[in-house]
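In what follows, a single structure is set out as C-alpha cells and then discussed.
All values below come from the heavy atoms of this structure, side chains included, with hydrogens, waters and symmetry mates left out.
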Amino acid sequence: MGYPFLLKSLQRLILLIGLCQAYTSESNQEKAVRDLLIRLIPDVYSSFEITVDPTIFNDDQISFKILKTSENSTVKITGNSGVAAAWGVHHYLRNFCNCHISWDGDQLKLPEILPNASVELRSADRYRYYQNVCTFGYSSAWWNWSRWEREIDWMALQGINLPLAFIGQEAIFKRVFNNLGLSDAELEEFFVGPAFLPWGRMGNIRGWGGPLSDSWHIRTVKLQHKILNRMRSFGMKPVLPAFAGFVPRNISRIYPDHEVAKAERWNNFDDKYCCPSLLHPEDPLFAQIGERFISEMTKEWGTDHFYNCDMFNEIRPVNDTPEYIRSVGQSVFTGMKLADSKAIWVMQGWLFTDRGFWTEERAKALLTSVPSGKMIVLDLNSDGSPFYKKFDSYYGQPFIWNTLHNFGGTSGMYGYLDSIGMGIIEARSYKNSTLVGTGLTMEGINQNYIVYDFTLDMGVRDSVTDVNHWVKNYATQRYGEYNEFTDRAWLLLKRSLYTGLAGRDATLIRRPSMDAFSPIFYNVEDVILAWDNLYEVSNKFKGIKPFMHDLVDVSRQVLQDMFSLQYLFVVHSYKQRKMHDLRTSSKTLLKILYDMDTILNTNQQFMLGPWIESAKAAASLEEKSQFEYNARNQITLWGPRGEIVDYAAKQWGGLVMDYYIPRWTLFVDTLRECLINNSTFDKDKFRQKVFTNVEQPFTFSKKIYPVEPIGSTLHALEQIYETWRPFYTSNVAIYRKLTKKLKEKRLQRKKKNGKQNQL
C-alpha cells in the first residue's frame with residue numbers, strides 16, 4: 001500500500017467526474033419525481049412537495065432533507081438531485097409509514113395522517129451503482145417499456161445514480177460494421193439471440209440463439225431512448241457500452257493485412273458458436289472502431305461520459321505478458337477518449353476471479369493502463385470475494401463495493417447479511433481506500449430481496465449495524481405492521497438461510513445422478529419453524545402482496561430442502577438394493593415436486609408462463625419461435641448441447657412440471673430398472689438419455705403456459721402444510737443419519753485427496 005497523494009487526488013477526481021456529467025434542469029428533475037409519485041401513490045401524491053436544490057449540502061454525496069410538521073399536512077422533501085429527492089420519498093415511506101417497495105410487490109398502507117418527520121441524510125459515498133451486464137440476459141431480456149419504467153422508478157427510490165444502460169447496442173454495432181463493409185449475412189454469424197446478448201457482448205460466444213432482425217434493432221433503439229430519457233430526468237448518469245475489440249470473423253475479408261486472433265474457447269462451445277475474432281490492441285483499427293462506435297452511439301442517444309467495457313470475462317488474453325495486457329487497456333480507452341474526451345471507463349472486476357492468471361503484475365498493467373481516475377472498477381463480488389485488498393485499492397483507481405450474491409437468476413433463499421454489513425464498513429476504512437460507492441451486481445433479480453435491500457441500506461452507514469434489529473424492521477415494513485409471528489419467522493430465516501453464500505445450488509435443479517446432492521449448510525429445522533410462523537398468520541396477511549410472495553417462497557424452500565433429504569433416502573435404498581424402499585421413497589420424491597408445482601402456480605412471480613410469453617411479445621411474427629427457444633434454452637440447457645446446463649435454473653410452476661419432474665421420473669425409473677436387471681447406474685448413458693428424452697425436447701416445445709395464477713395460495717398451502725409438516729417430523733431422524741453419513745464420507749474423501757496432493 002502507500003498512496004500518500006491519494007485522498008487529495010481522489011477529491012480532484014470526484015470533482016472532475018462531477019463536472020463532466022450531462023445536466024438536467026432542477027425543474028425537470030422535480031417533475032420526474034412528482035410523476036413517479038403519481039404512479040406510485042396516486043391517492044396521496046399531492047401531499048408531497050418536491051424540491052431539487054444541488055446546494056443543500058455543497059458536497060458530492062447523494063443527500064436529502066425531509067420535513068413534516070403538525071402545522072402542515074405536506075411532506076416537504078428536498079434533494080440535491082431528482083434521485084436524491086426520490087430516495088427521500090422512499091426513506092419517508094419506509095421509515096415513517098412502514099411501507100415497502102420491491103421487486104416482489106409493494107405494501108403501501110399509508111396512515112390517514114402522515115407522520116411528522118425531520119431528517120437530513122447523506123449517502124456515505126458518491127455513487128450507488130446498479131446492474132450486472134448479465135442481468136440484461138437473465139432478467140430483463142424481454143422487458144417492454146412498462147416494465148422498464150417500473151424498474152427505473154425503483155432505482156430512483158433507492159437512490160441509484162449510476163445505472164448500467166445496455167439496451168440496443170447491437171443496432172449501433174451493426175451500423176459501424178456495415179459501414180466498414182461487413183454484410184448483414186456476416187453479422188448474422190456474429191450477433192447472438194436476445195437471451196444470450198451479455199455473453200456475445202463480452203466475446204464468450206457468437207451466433208448462438210441469433211440472428212437479430214432489423215425489427216429487433218429498431219425496437220431496442222427506441223426502447224433505449226425511453227430508458228435513457230427517464231434515467232436522466234431523475235439526474236441519473238447511465239453507463240453506456242464501449243468497444244472491447246471483438247469483431248466478426250469475416251473482418252479479415254475487408255482488412256486482410258490486419259492482425260486478428262481467435263478469442264479463447266468458453267465453456268466448450270463448438271467453433272460454430274464460440275471464439276469471435278479479437279483485434280490486436282496495437283492495430284490502429286482497434287481504436288478506430290472504438291471511436292466510431294461511441295461516436296455513432298452518442299449521436300443516437302447522447303452521453304453522460306461513463307462507459308462499460310469488459311474484455312476478459314472468463315476468457316484469458318491471447319498474450320499473457322503485462323505489456324500486451326497494458327496495450328489492450330490503452331487501446332480500449334483510446335477508442336473512448338477519441339470520441340469523448342471526458343470518458344470514464346467503468347470495468348467489471350469479475351476477470352480477477354481467474355486467480356491463476358491475474359497476478360498482481362498483470363492486474364496492475366491493466367489497471368494503470370489509463371490515467372488515474374479515468375477508470376472506475378466494479379469490485380463485482382465484494383460480498384463473496386473482494387479484490388480491492390489484493391490489488392492495493394486497485395493501484396489508485398476508484399472502485400465500487402458490490403453485492404453480487406446471485407448467479408444465473410436462480411431460485412433459492414440464501415445470503416450472508418453479516419458479511420455484507422461488515423464488508424462495506426471494512427472497505428471504507430481500508431488504508432488509502434479509493435472506495436467511491438456501493439452497488440448491486442446480481443446476475444438476476446427477483447430473488448432474495450432482503451439481501452439487496454440490506455446492501456442499499458448500508459450505503460448510508462459508517463458503522464456496523466445490528467443485523468437482527470434491521471431484519472425485524474424489515475419484516476414490519478414489508479408487511480405493514482409489527483407481528484410476533486412474522487418477526488420470529490424472519491429471525492429464524494436470518495439465522496439459517498441468511499448466514500452463508502453456499503445456498504445457490506439445490507439438488508432438485510441438478511441433472512439427476514447418483515451424486516446430485518447439494519449440501520445444506522444451514523439448519524433445515526429453523527426454516528421449517530419459520531414456515532410454521534408464516535402459516536400461523538397466513539389469513540391475517542393474505543392481502544399483502546410481499547407476504548403472499550414470501551409465503552410461496554418459503555414453502556418452495558421447505559419443499560426444496562425436503563426434496564434434497566428425500567433424494568438421499570432414494571439413493572440409499574438403491575445402494576441397499578431394497579426395491580420396496582426405492583419405490584416408496586421415489587414416489588415421495590416425485591410427490592414433493594408435484595406439490596411444489598401446485599403452489600408455485602398460485603403466484604405469478606413463480607410461473608414459467610410470463611417468461612415465455614414476454615419473449616414472444618418482444619418478437620415479430622417471424623421471430624416468435626426463435627425467441628421462445630431462446631427463453632426455454634437459457635433456463636435449462638444454456639447452449640445447444642447443455643454447455644452450461646442448469647446454470648440459470650428456475651423453480652417455476654410449469655417448469656417443475658414439464659422439465660424437472662420428467663428428469664427425476666426418468667432417474668428413479670432407471671434406478672428401478674438397474675435393480676431389476678442387476679446392473680449398475682451408468683451416468684454417461686443416463687446423461688445422454690435425459691438430454692434426448694427430456695431436456696432438448698423441452699427447449700423445442702411450443703406448449704403454452706398460463707400467465708395468470710392458478711388456484712388459491714392459501715388453499716394449496718393448507719394441503720401442502722398438512723402433508724409435509726408431519727412427514728418431516730416423522731422422518732427427521734433418518735434424514736439426520738443419512739446426512740451425517742454423507743458428511744463423513746466427504747470428509748474422508750477430502751482427507752484422502754489432501755494426502756494425494758501432498759505426494
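D340 and H305 are linked by a side-chain donor-acceptor pair at a separation below 3.5 angstrom, with hydrogens and angles left out of the test. One side chain, Y647 or E443, offers a donor N or O that lies under 3.5 Å from an acceptor on the other. T303 and T298 share no side-chain donor-acceptor pair at under 3.5 Å. Under 3.5 Å, the side chains of Y129 and N161 contain no donor-acceptor pair of N or O atoms. With hydrogens and angles left out, the side-chain atoms of Q447 and Y452 include a donor and acceptor closer than 3.5 Å. Donor-acceptor pairing under 3.5 Å is lacking for the side chains of N144 and S146.
For the residue pair G349 and L380, the shortest heavy atom distance occurs at N-CB, 4.3 Å. Between P194 and W216 the shortest heavy-atom distance is CB-CH2, 3.7 Å.
If you take CD on E26 and CG on N80, they are separated by 10.5 Å, rounding to the nearest 0.5 Å. To the nearest 0.5 Å, atom CG of residue N308 and atom CG of residue L164 are 5.5 Å apart.
In terms of the side-chain hydrogen bond (donor to acceptor under 3.5 Å, both in side chains) criterion, Q605 has no residue partners (sequence neighbours excluded).
Looking at D453, its side chain never comes within 3.5 Å of a backbone N or O of Y449 through a donor-acceptor pair. Looking at T24, its side chain does come within 3.5 Å of a backbone N or O of R232 through a donor-acceptor pair.
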Report task. Give the C-alpha distance, both sets of side-chain angles, the deciding distance and a yes or no for side-chain contact (heavy atoms from CB on, under 4.5 Å) between L366 and L351. Result -> CA-CA 11 Å; L366 177 61; L351 71 168; 3.7 Å; yes
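Residue K31 places its NZ atom among 12 or fewer non-hydrogen atoms of other residues, nucleotides or ligands, all under 6.0 Å distant. In the displayed structure, Y45 atom OH is contacted under 6.0 Å by at most 12 heavy atoms of other residues, nucleotides or ligands.
Cation-pi check for R128 over W87 is met; the charged atom lies under 6.0 angstrom from the ring centroid and within 45 degrees of its normal.
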